[in-house]
Amino acid sequence: MTKHIFVTGGVVSSLGKGLTSASIGLLLERRGFTVRLQKLDPYLNVDPGTMSPYQHGEVYVLDDGTETDLDLGHYERFTHAVLNKDCNYTTGKIYLSVIEKERRGDYRGKTVQVIPHVTDEIKSCIRKVAAPGVDVVITEIGGTVGDIEGMPYYEAIRQYALDVGKNNCLFVHLTLVPYLKAAGELKTKPTQRSVRDLREIGIQPDVLICRTEREIPNDECEKIALFCNVERNAVIEEKDKEFSIYEVPLSLAQNKLDELIVEKLSLTQAKPLDMSDWRTMLDRMRAPAHEVTIGFVGKYVKHRDAYKSVYESLDHAGIAHHAKVRVVRIESDKLADEGAPQALANVDGLLIPGGFDKRGIEGKIEAIKFARETGLPFFGICLGLQCATIEFARHIGLENANSTEFDKASPHPVVCLLEEQEGITNLGGTQRLGAYPCHLKPNTKARAAFGVDVISERHRHRYEVNNKYRERLQARGMLFSGTSPDGGLVEAIELKDHPWFVGVQSHPEFQSKPTKPHPLFRDFIGASLERRLRKTVVTR
Ligand code: GLN
């Protein structure tokens, strides 16, 4: 029978429930169990696909095309769990389904209510993930205990534990133990308060994970245990990580969280924990032999989480080369004022991530021009590929070439709407989404990076290189190194006479892990590092 772990958060948001859930997943996988992870988000949007990255950070995409919360990125980077559309539900999605059922008459005239109809719907979403062969489902509840919008979820998980038996469920509560400088003390009251909130709605947490800046002394842990009605060994300290998020699972393991879960859920046949490869990965990160600087030109560079997976993937690629990757974030609409030569003077590579909307496009194009002309390694992702195509088209004399996303009247629409997208007016979940295969041409940078002929990458776009211009671009040195299997869609571009200039229509950042860097990020950082080392030799 599948066991369940419910991860809730208290006191404040941003405590790292996603990372903690992912870390629990990783520890259990390494103890030999098959895990699934799921996030339930209490907001009313049906999915995060139409939410601004400013508000909500990056929109993550799964193989099956589901647009999800960025926490699912942590789940995938930390574990091997297979994630699909059942792994991220929002209140919007839950209510949509309930209302559709009501319209169809499924409730047979009953008054439709939060309890039991909405809570039943939530429980059925949890049940869907508990498939045969899954040992443990980890369900993270977004938001903070006490939020009005979260109430149906807490009620649903309370009921769920009753349905499947309390012994098959574990409530893990993540809380904050703040340090008050003026008093010189760690304070346990907010934790007591948030646990009281949980207990009021019928949930007694089994494990408390306490986020803290400082070590929590034993007597404070005992106090938390006593006031919150948990065992002392179930009060787990999670001290802030100064170095890397990838330290979190190691510190939780050090505090014996995996042991505690195995015991409390009576998980049998647990293997001993082996974290050696994870440790090696972190050791490499801690002691880099080189440093490389990447210019990152995007619209939302001020927001820490807007390009989360891209930043993570750059770090992973750095690990592969024993290099510390420094990212210089450049706001695209400011770049046009400053000029690319100034803005990119000290970088070893240029990355243009995905994006939408006209703002900042000319700055990106200018940066790409600089990279093309100076041999600066360039990696373009989705919009990055599209901008590189526009830049190259203008360079070969197609004046005012553009994407119809930015200029409908462009005389040379080298990037245009995908045929299947014409006539779509509803914005939610209607892009070309999810994993599609791509065939790679021999003797190209992309083929060399992947080492295979056919790859599968995740997509999220509406526009595409205009096939009418392919021949003209190709004749002047642009290489279409990857296409859809029928050749109809451009998936990857390169420039022949350039050390490393690659653009992809997909989002490779969704398939990179710290222990398995994505081949394109790896080779991009490799090329950037080579340039850096060459420069260092010359200036010496
Ligand atoms: N706006 C572009 C499109 O829709 C690029 C999308 C992206 O970068 N994800 O095709």
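Note that the numbering runs from 1 along the sequence shown for the chain. Computed over heavy atoms, backbone and side chain alike; hydrogens, waters and symmetry mates excluded. When a ligand or atom number is given, it counts from 1 through the structure's own listing order.
Screening Val504, Leu385, Leu314, Ile352 against Phe379 for a side chain to side chain contact (heavy atoms under 4.5 Å, CB included) leaves a single residue, Val504. If you run side chain to side chain contact (heavy atoms under 4.5 Å, CB included) between Ile5 and each of Val35, Val136, Thr139, only Val136 comes through.
Relative to the ring axis of Phe243, Lys241 does not place its NZ or CZ within 45° and under 6.0 Å from the centre.
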Practice problem: Could you please spell out the steps behind the salt bridge (Lys or Arg N to Asp or Glu O under 4.0 Å) verdict for Glu247 and Arg286? | Solution: CA-CA 11 Å; Glu247 290 174 297; Arg286 267 195 206 100; 3.0 Å; yes
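Residues Tyr463 and Gln431 have side chains that never bring a donor and an acceptor to within less than 3.5 angstrom of each other. Side-chain contact annotation: Ser512 with His316, donor-acceptor N/O pair under 3.5 Å present.
The 4.0 Å heavy-atom shell around ligand 1 contains residues Gly354, Gly355, Phe356, Cys382, Leu383, Gln386, Glu405, Arg460, His461, Arg462, Tyr463, His507, ordered by chain and number.
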